[in-house]
Q: 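Next up is a structure, given as structure tokens.
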Amino acid sequence: MAIIKPFKGIKYKTDENLDISSKIAPPYDIIDAKLQTDLYIRDPDNIVRIILGKQDPNEDNLIYERASGYYNNWIKHEIMQIDDEDAFYVWDQKFSINDLNHNRRALIVKVKSESSAKKDIIPHELTIDDSIKDRLKLFNHLNAQFSQVFSLYNDEDDSVKNIIQKSIKKPILKADFDGVYNQLFKIKSKKIIKEIIKKFKDKKLYIADGHNRYETTIRYHKLKNQNGYCLMSLIPVNDPGLIVLPSHRVLKSKLSNFITLQKLEKKFIIEKKPFSDWPKILNKINGIETNHVFGFANRKLGMSGILRPLDNLNYSSLWNAYSKSWKMLDVSALHAFVFNSIFKIDKEKVFDNEHIFYSNDEKVCIDKLDQDFNWVFFMRPTNIKQLIKIADNGEIMPPESTFFYPKFLSGFIGSKL
């Protein structure tokens, strides 16, 4: 089962204020060019310079060398510091969504990096090799990790939760970022640390976010020929602040919009609305409990609406190896049935970023229609029970099946690899 251990945290050194709001950043893979520039301007010591440095046209791709230079310089001049004792850390996040307030608490630990074949640390999404190669180059230059892998575990009796609650006192860091208030606490009692380690000896971990980062740590330690550990944020599946948002899809298709609509009408009941009604579609599909319901919008057709299957979906034989549970997912039905069978996208390309854009921001998706994309498909969120069932089956969900909100910020707490 999961093998966890404490670690010497790498964190920004602060004055009594403890506030490092200007220095942290989202995970590298959700930072666009505008945000990257904003973070550069916000603070000369922002972690973005390490996790996603800017390309310099006057240099021959020294992005990883510069990242290492920043890190070593910040340690040398005590902008960052490495703790002198092993500890667990606790990360609280307070946020609002849909006018409701939430609190989410994570235990930050090092977890022994294991292949998913051992079924101790279980993935649920595909990894992207280009991203892994990029992160591996960064890891090799830094030998440190500043973004956590986010994983889930079962704590049905709240035993881990209760240990943590009685063990934390004053926060050691604070940060406000994009409407999320973050606090970091430290657990350094050896007795408490041993107690927590013991609790995890019979637990599996389910990777919720950061599949590429986790696979990168496995490759890094394999290259070093060592048993290695990965920095993880662990949250119980029953945490009331565990919020999953959908990732919507925008499709680039060469097929006639009108002919495609006719093909969809043969398989789905279509509730048609004017294009301008697309915001109402989102609210409506979230209130529908039947299987495989999608919202859609197509600017050229001047239409938005809701798709509901006329009958059970008949997947092509190409998908015979996949379980019934996998086929029941909305994201699976959209890719494997709608995109593959109706839009005639080859199975090998049906999850491809080349003609599919993913975002949890519906307005960003709609704006894509002004470019060379023609269909937006609005999704309902995948729930935690579905994620765990698919993971326990040893299967992998389509990319971007889940968007856990909020993200864990890079630079709030790091560790040596």
Side-chain angles (χ1 to χ4, degrees), residues 1-11 82-93 104-124 139 143-168 172 184-211 213-222 224 226-239 242 384 387-388 391-392 404 408 410 412-417:
M1 295 299 176
I3 300 172
I4 69 170
K5 71 174 186 177
F7 63 99
K8 295 177 175 66
I10 306 174
K11 61 186 190 299
I82 302 173
D83 278 355
D84 57 5
E85 59 187 347
D86 287 331
F88 285 147
Y89 298 82
V90 177
W91 189 335
D92 280 2
Q93 293 177 298
R104 192 176 73 177
R105 171 166 286 174
L107 177 68
I108 315 300
V109 304
K110 295 294 289 290
V111 178
K112 188 173 182 182
S113 301
E114 301 276 8
S115 163
S116 60
K118 292 194 175 182
K119 299 188 183 302
D120 295 335
I121 301 168
I122 307 172
H124 78 272
F139 281 12
N143 299 307
Q145 191 174 2
F146 292 99
S147 302
Q148 297 78 25
V149 174
F150 171 11
S151 295
L152 307 174
Y153 66 96
N154 283 305
D155 188 32
E156 294 175 355
D157 61 356
D158 288 339
S159 58
V160 176
K161 175 184 174 181
N162 293 334
I163 294 171
I164 292 172
Q165 182 60 44
K166 70 181 183 182
S167 304
I168 59 173
I172 59 171
L184 190 71
F185 303 85
K186 186 175 181 179
I187 298 175
K188 57 185 181 180
S189 161
K190 291 182 179 179
K191 180 182 177 182
I192 298 298
I193 288 170
K194 285 181 181 179
E195 194 176 348
I196 292 173
I197 290 172
K198 187 177 179 181
K199 289 290 182 183
F200 275 87
K201 284 186 176 177
D202 63 348
K203 296 185 185 298
K204 296 178 184 179
L205 301 180
Y206 298 87
I207 299 178
D209 197 10
H211 288 78
R213 291 191 287 277
Y214 183 67
E215 178 61 29
T216 304
T217 63
I218 292 176
R219 295 193 193 184
Y220 171 88
H221 293 302
K222 187 174 181 181
K224 301 284 185 182
Q226 62 189 21
N227 290 322
Y229 285 75
C230 175
L231 184 64
M232 276 198 188
S233 302
L234 305 181
I235 293 184
V237 296
N238 60 343
D239 189 309
L242 192 59
I384 299 298
L387 182 157
I388 289 177
D392 281 340
F404 286 89
F408 286 103
S410 299
F412 202 49
I413 183 69
S415 74
K416 288 281 191 179
L417 277 161

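Scope of the values below: all heavy atoms of this structure, side chains included, with no hydrogens, waters or symmetry mates.
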Q: Indicate the atoms forming the closest heavy-atom contact of Lys203 with Asp155, along with that distance.
A: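 Nearest heavy atoms, Lys203 then Asp155: NZ-CA, 4.2 Å.
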Q: If you round to the nearest 0.5 Å, how far is OG of Ser415 from CD1 of Ile10?
A: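 It is 6.0 Å, given to the nearest 0.5 Å.
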Q: Could you go through Leu231 and Thr217, starting from their C-alpha distance and side-chain angles, then the distance that decides it, and tell me whether this counts as side-chain contact (heavy atoms from CB on, under 4.5 Å)?
A: CA-CA 9 Å; Leu231 184 64; Thr217 63; over 6 Å; no
Q: If you round to the nearest 0.5 Å, how far is CD1 of Ile122 from NZ of Lys204?
A: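 So the gap between those two atoms works out to 4.5 Å.
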Q: State the CD1-CZ distance between Ile207 and Phe150, to the nearest 0.5 angstrom.
A: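 Separation between the atoms: 11.5 Å.
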Q: Do Val90 and Leu107 have side chains that approach each other closer than 4.5 Å (heavy atoms only, starting at C-beta)?
A: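 Yes; the side chains approach each other to less than 4.5 Å.
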Q: Just verifying a value: how many Å separate Ile3 CD1 and Lys201 NZ, rounded to the nearest 0.5 Å?
A: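 Spacing of CD1 (Ile3) from NZ (Lys201) equals 9.0 Å.
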Q: Is the closest basic N to carboxylate O distance between Glu195 and Lys191 below 4.0 Å?
A: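 Salt bridge between Glu195 and Lys191, a charged N being under 4.0 Å from a carboxylate O: no.
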Q: Quick check: closest heavy atoms across Ile413 and Gly9, and the distance to 0.1 Å?
A: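 Reported closest heavy-atom pair: CD1-CA, 3.7 Å.
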Q: Could you grab the distance from atom CD1 of Ile121 to atom NZ of Lys112, nearest 0.5 Å is fine?
A: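 Rounded to the nearest 0.5 Å, the CD1-NZ separation comes out at 10.0 Å.
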Q: To the nearest 0.5 angstrom, please state how far the CG atom of Asp157 sits from the CG atom of Asn238.
A: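 Here the rounded value is 9.5 Å.
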Q: Ignoring hydrogens, what is the shortest heavy-atom contact between Ala391 and Pro123? Give both atom names and the distance.
A: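 Smallest interatomic distance, heavy atoms only, reads CB-O, 3.7 Å.
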Q: Please check if the number of heavy atoms outside Asp202 that lie under 6.0 Å from its CG is greater than 12.
A: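 Count over threshold, so yes.
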Q: Just wondering, do Ile218 and Cys230 contact through their side chains at under 4.5 Å, heavy atoms?
A: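 The answer is no; the side chains never approach within 4.5 Å.
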Q: Can you name the nearest heavy-atom pair linking Ile193 to Ala87, along with the distance?
A: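 Smallest interatomic distance, heavy atoms only, reads CD1-CA, 4.1 Å.
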Q: Is there a donor-acceptor pair closer than 3.5 Å between any side-chain N or O of Tyr229 and the backbone N or O of Lys5?
A: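 Flag not set: sc Tyr229 to bb Lys5 has no pair under 3.5 Å.
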Q: May I ask you to decide if Gln148's main-chain N or O and Arg213's side chain share a donor-acceptor pair within less than 3.5 Å?
A: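 Answer holds: yes.
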Q: Could you tell me if the side chain of Arg105 sits less than 4.5 Å from the side chain of Lys161, heavy atoms only?
A: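 Answer no - side chains too far apart.
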Q: For residues Leu387 and Val237, determine if any side-chain heavy atom of one lies less than 4.5 Å from a side-chain heavy atom of the other.
A: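 The answer is no, as the side chains (C-beta and beyond) never meet within the 4.5 Å cut-off.
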Q: Taking the six-membered ring of Phe408, is the NZ or CZ of Arg104 close enough (under 6.0 Å from the centre) and on axis enough (within 45°)?
A: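 Yes, Arg104 lies over the aromatic ring of Phe408.
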Q: Over 60° means perpendicular and under 30° means parallel, so classify the ring planes of Tyr89 and Phe7, tilted if in between.
A: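 If you compare the ring of Phe7 with that of Tyr89, the planes turn out tilted.
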Q: Please tell me if the side chains of Phe404 and Ile235 come closer than 4.5 Å, counting only heavy atoms from C-beta onward.
A: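 Side chain of Phe404 against side chain of Ile235, heavy atoms only: no contact under 4.5 Å found.
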Q: Taking the side chain as everything from C-beta on, heavy atoms only, tell me whether Leu152 gets closer than 4.5 Å to Leu242.
A: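 Yes. Closest side-chain heavy atoms under 4.5 Å.
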Q: State, to 0.1 Å, how close Ser167 and Ile187 come at their nearest heavy-atom pair, and which atoms those are.
A: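 Taking every non-hydrogen atom into account, CB-CD1, 4.0 Å.
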Q: If you measure from the Lys or Arg side-chain nitrogens to the Asp or Glu carboxylate oxygens, is any gap between Lys188 and Asp83 under 4.0 Å?
A: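 Not counted as a salt bridge, because no side-chain N and carboxylate O are separated by less than 4.0 Å.
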Q: Under 3.5 Å, is there a donor-acceptor pair between the side chain of Lys110 and the main chain of Lys416?
A: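 Side chain of Lys110 to backbone of Lys416: a pair is present.
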Q: Mind checking whether Glu215 and Arg219 have side chains closer than 4.5 Å, heavy atoms only?
A: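 Counting from C-beta outward, Glu215 and Arg219 do come under 4.5 Å.
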Q: With no hydrogens and no angle check, just 3.5 Å: does a side-chain donor-acceptor pair link Tyr206 and Asn154?
A: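 No, no side-chain donor-acceptor contact under 3.5 Å.
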Q: When you compare the side chain of Val109 with that of Phe200, does any pair of heavy atoms fall below 4.5 Å?
A: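 No; the side chains remain at least 4.5 Å from each other.
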Q: Do you know which two heavy atoms are closest between Ile172 and Lys11, and how far apart they sit?
A: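 Closest approach of Ile172 to Lys11, heavy atoms only: CD1-CE, 3.9 Å.
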